[in-house]
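Basis for what follows: all heavy atoms, side chains included, without hydrogens, waters or symmetry-related copies.
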Amino acid sequence: MSKRLSPRLQHNITEDAYCETHLEPARLFCDVDQITLCSKCCQSQEHKHHMVCGIQEAAENYRKLFQEILNTSREKLEAAKSILTDERERMAMIQEEEQNFKKMIESEYSMRLRLLNEECEQNLQRQQECVSDLNLREALPNQVINLATELEEMFQEMLQRLGHVGRENMKKLKESEARVSKQICSLRKLIVELERKCGEGALALLKNAKYSLERSKSLLLVHLEPAHITDLSLCHIRGLSSMFRVLQRHLTLDPETAHPCLALSEDLRTMRLRHGQQEGAGNPERLDFSAMVLAAESFTSGRHYWEVDVEKAARWQVGIYRGSADTKGSTARASGEKVLLTGSVMGTEWTLWVFPPLKRLFLEKKLDTVGVFLDYEHGQISFYNVTEMSLIYNFSHCAFQGALRPVFSLCIPNGDTSPDSLTISPQRGPSCDAAVSP
C-alpha cells in the first residue's frame, strides 16, 4: 500500500521520488488520489481502477491546463481593468450628466414660468373685461399665484427625483468599482501563482495540482459586468405648455433648398424620399450633403413652436439651421450651424440623438410626433415628445445670431427606394376656452 510523502521528504524532494512502502522509485502518478506511485503500488487493489500515468506525462498534462488558465486569467485581468476604467469614467460622466439635466430642468422651469405668466396675463385681461363681480376679479391674481406655486412644486419634485436617481447610480457604480477591484487583486495573485506553478519541476507541479486547478477555475467563473444604472433621461419632464398652441407657426418647406432625393407635396408640408434627381439639381441654393430641406419661414426674434410627424420615417432629423443655404457639399461647415434631434430605427432597435455635441438619449418608445420650441431672445431650443407630452431635451443659453430656419432631413437610402416621409403638422389655433395650466 502506498503512503503520501512525509512533509519532511516533500520539502527536500527532488525529481526522483521513492515509495516509502516498497522502497522503489515512484515513477507513476495517480490522478484520483494525487500521489506518486511505484509499480507495485499501481497493482494494488487501492489503485487498480484509478487513472495512473507517468509522472512526466501527468506533469505535462497539468502544465498545459495551468498554462491555459494562465492565458485566460490574463485576458480576464485585462477585461476587468477595462471595466474598472469604464466605471470610474462613468462616475465622472453621470455627475456631469446630472448637472446638465439639472440645468435643463431649471431652464425648462424658467421658460414654463415665463409662458405661464404671459398666458395668465392674457386670460386675466380677457376675464376681467367680462367679469363684473369685483370680488371675482380680485380673486383672479390668486389663481396665477397658485398656478405658479404648483409649477414650482412640480419642478422641485423633478429635481429631487433626479438627485435620488443620481445618488442610486453613484452607489451602484462604487459597489461595482469595489467588486471589480477585488477581482483584479485576486486575478493578479492567481497569475503570479500560475506563473510559478508552470515554471516548477514535475513533482513540485503535481503537488496539490488538482486542488490548485479547481480553485483557479472557480475564480475564473466569477462573471464581471458593468453596473446597471438608470438613464437620467428617464427623469422625464411631463406636460406641455398650453401657450404652445398660441405660438405654433404655420410652416412650409422651401423647394429651393430641397435635396434632389426629396419630393415635396403640393401643400409643401410633406417631404419624402424618391429615386432620381430633381430638375435644377445644380442650383447653388440646394443642400446636397444630405436629404435635407429648410422651411420657407425664418425667425430673427420671438418665440415659436412647430410639430413634425415622424411616424413614417425610419431615420430623420429635425431642428434649426443658421446661415445661408449656399453650402452645397460643405458638410463640415453646415453641421456646425445646426441644432438637431435625430431618430433612427434599424430592425427592432430604436435610437435617439441630439447635436451638438452628439449625445445619445434614452426613450422607451418610438417617437410619432416631435414638438420644437424656439425662444430666440433667451437662446433656447427644446424638443418634445408630443404623444407622451414630455420634454426630450433642451438647449439653453445658445448664442443665436442672424436668421434661424427650421430644418428637416431624411437619410438617403442605399439601394431600394425608402418609403420614409416627414410631415409638418398643421397649425392648431388656441382654444377659445383654453384654461391656464402649468
Side-chain angles (χ1 to χ4, degrees), residues 72-106 108 154-191 216-238 314-315 341-368 370 383-385 387-395:
T72 304
S73 298
R74 287 169 176 161
E75 293 174 0
K76 288 269 189 178
L77 176 61
E78 292 306 311
K81 288 162 67 175
S82 177
I83 291 176
L84 182 62
T85 299
D86 290 344
E87 297 297 72
R88 288 173 175 169
E89 289 179 353
R90 289 170 79 195
M91 286 185 194
M93 183 180 68
I94 65 167
Q95 287 180 321
E96 181 180 351
E97 282 189 352
E98 185 177 348
Q99 289 303 312
N100 289 339
F101 270 90
K102 183 178 179 181
K103 291 178 182 177
M104 193 165 69
I105 291 174
E106 291 172 345
E108 186 72 7
M154 182 178 69
F155 275 83
Q156 284 297 329
E157 182 181 345
M158 292 176 186
L159 289 173
Q160 291 174 5
R161 185 166 68 249
L162 177 68
H164 173 74
V165 172
R167 288 190 296 272
E168 286 297 310
N169 284 344
M170 186 60 68
K171 178 182 177 182
K172 291 177 182 178
L173 287 170
K174 286 184 176 179
E175 290 174 349
S176 177
E177 179 191 32
R179 187 166 55 251
V180 175
S181 296
K182 182 179 179 181
Q183 181 71 354
I184 288 175
C185 183
S186 299
L187 286 169
R188 283 174 172 161
K189 289 180 180 178
L190 176 61
I191 288 172
S216 301
K217 287 181 177 180
S218 66
L219 182 60
L220 295 183
L221 289 176
V222 176
H223 178 65
L224 291 177
E225 61 179 20
H228 296 286
I229 61 176
T230 303
D231 195 296
L232 293 181
S233 57
L234 282 174
C235 299
H236 295 303
I237 300 175
R238 299 292 180 182
R315 283 173 287 181
L341 175 70
T342 301
S344 176
V345 181
M346 298 189 68
T348 58
E349 185 178 357
W350 159 248
T351 58
L352 199 65
W353 305 81
V354 288
F355 173 87
L358 189 64
K359 175 182 174 61
R360 184 170 180 173
L361 304 178
F362 179 83
L363 206 65
E364 294 175 320
K365 298 179 181 178
K366 180 180 178 297
L367 273 173
D368 290 335
V370 177
F383 297 100
Y384 296 90
N385 182 339
T387 306
E388 300 293 328
M389 297 187 66
S390 62
L391 175 71
I392 299 172
Y393 198 84
N394 71 18
F395 297 88

Which heavy atom of [X] sits nearest a heavy atom of [Y], and at what distance?
X: Asn394; Y: Glu108; value: ND2-OE1, 3.3 Å
X: Met91; Y: Leu173; value: CE-O, 3.3 Å
X: Met158; Y: Arg238; value: CE-N, 3.7 Å
X: Leu224; Y: Ala80; value: CD1-CB, 3.7 Å
X: Phe395; Y: Phe355; value: CZ-O, 3.8 Å
X: Phe383; Y: Leu391; value: O-CD1, 3.4 Å

Considering only heavy atoms from C-beta outward, does the side chain of [X] approach that of [Y] to under 4.5 Å?
X: Leu367; Y: Thr387; value: no
X: Ser73; Y: Leu77; value: no
X: Met170; Y: Ile229; value: no
X: Val180; Y: Gln183; value: no

Can you confirm whether Lys102 is buried at NZ, in the sense that more than 12 heavy atoms of other residues, nucleotides or ligands lie under 6.0 Å from that atom?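 No, NZ of Lys102 has 12 or fewer neighbouring heavy atoms, counting only those of other groups under 6.0 Å.
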
Decide if atom NZ of Lys366 counts as having more than 12 heavy atoms of other residues, nucleotides or ligands within a radius under 6.0 Å.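 Correct, the count exceeds 12.
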
Is there a side chain to side chain contact (heavy atoms under 4.5 Å, CB included) between Val165 and Asp231? Walk through the geometry before answering. CA-CA 9 Å; Val165 172; Asp231 195 296; over 6 Å; no

Separation of [Y] [atom2] from [X] [atom1] (nearest 0.5 Å):
X: Ile237; Y: Met389; atom1: CD1; atom2: CE; value: 14.0 Å
X: Ile94; Y: Gln99; atom1: CD1; atom2: CD; value: 11.5 Å
X: Gln156; Y: Ile105; atom1: CD; atom2: CD1; value: 10.0 Å
X: Phe155; Y: Gln160; atom1: CZ; atom2: CD; value: 14.0 Å
X: Glu157; Y: His164; atom1: CD; atom2: NE2; value: 12.5 Å
X: Ile184; Y: Glu78; atom1: CD1; atom2: CD; value: 9.0 Å

Could you tell me whether the side chain of [X] and the main chain of [Y] form a donor-acceptor pair under 3.5 Å?
X: Ser181; Y: Glu177; result: yes
X: Asn169; Y: Thr230; result: yes
X: Arg90; Y: Pro226; result: no

Sequence neighbours left out, what passes side-chain hydrogen bond (donor to acceptor under 3.5 Å, both in side chains) with [X]? Give chain and number order.
X: Glu97; result: Lys359
X: Ser176; result: Glu87
X: Thr342; result: Gln317

Test salt bridge (Lys or Arg N to Asp or Glu O under 4.0 Å) applied to Glu98 - qualifying residues, sequence neighbours left out: none

In chain order, what residues pass the salt bridge (Lys or Arg N to Asp or Glu O under 4.0 Å) check against Arg188, with sequence neighbours excluded?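 Applying salt bridge (Lys or Arg N to Asp or Glu O under 4.0 Å) to Arg188 gives none.
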
Partners meeting ring-ring contact (aromatic ring centres under 6.0 Å, His included) with Tyr384 (sequence neighbours left out): Phe244

Presence of salt bridge, Glu175 and Lys172, under 4.0 angstrom: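 Not counted as a salt bridge, because no side-chain N and carboxylate O are separated by less than 4.0 Å.
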
Arg74 vs Leu187, test: side chain to side chain contact (heavy atoms under 4.5 Å, CB included). Steps then yes/no. CA-CA 8 Å; Arg74 287 169 176 161; Leu187 286 169; over 6 Å; no

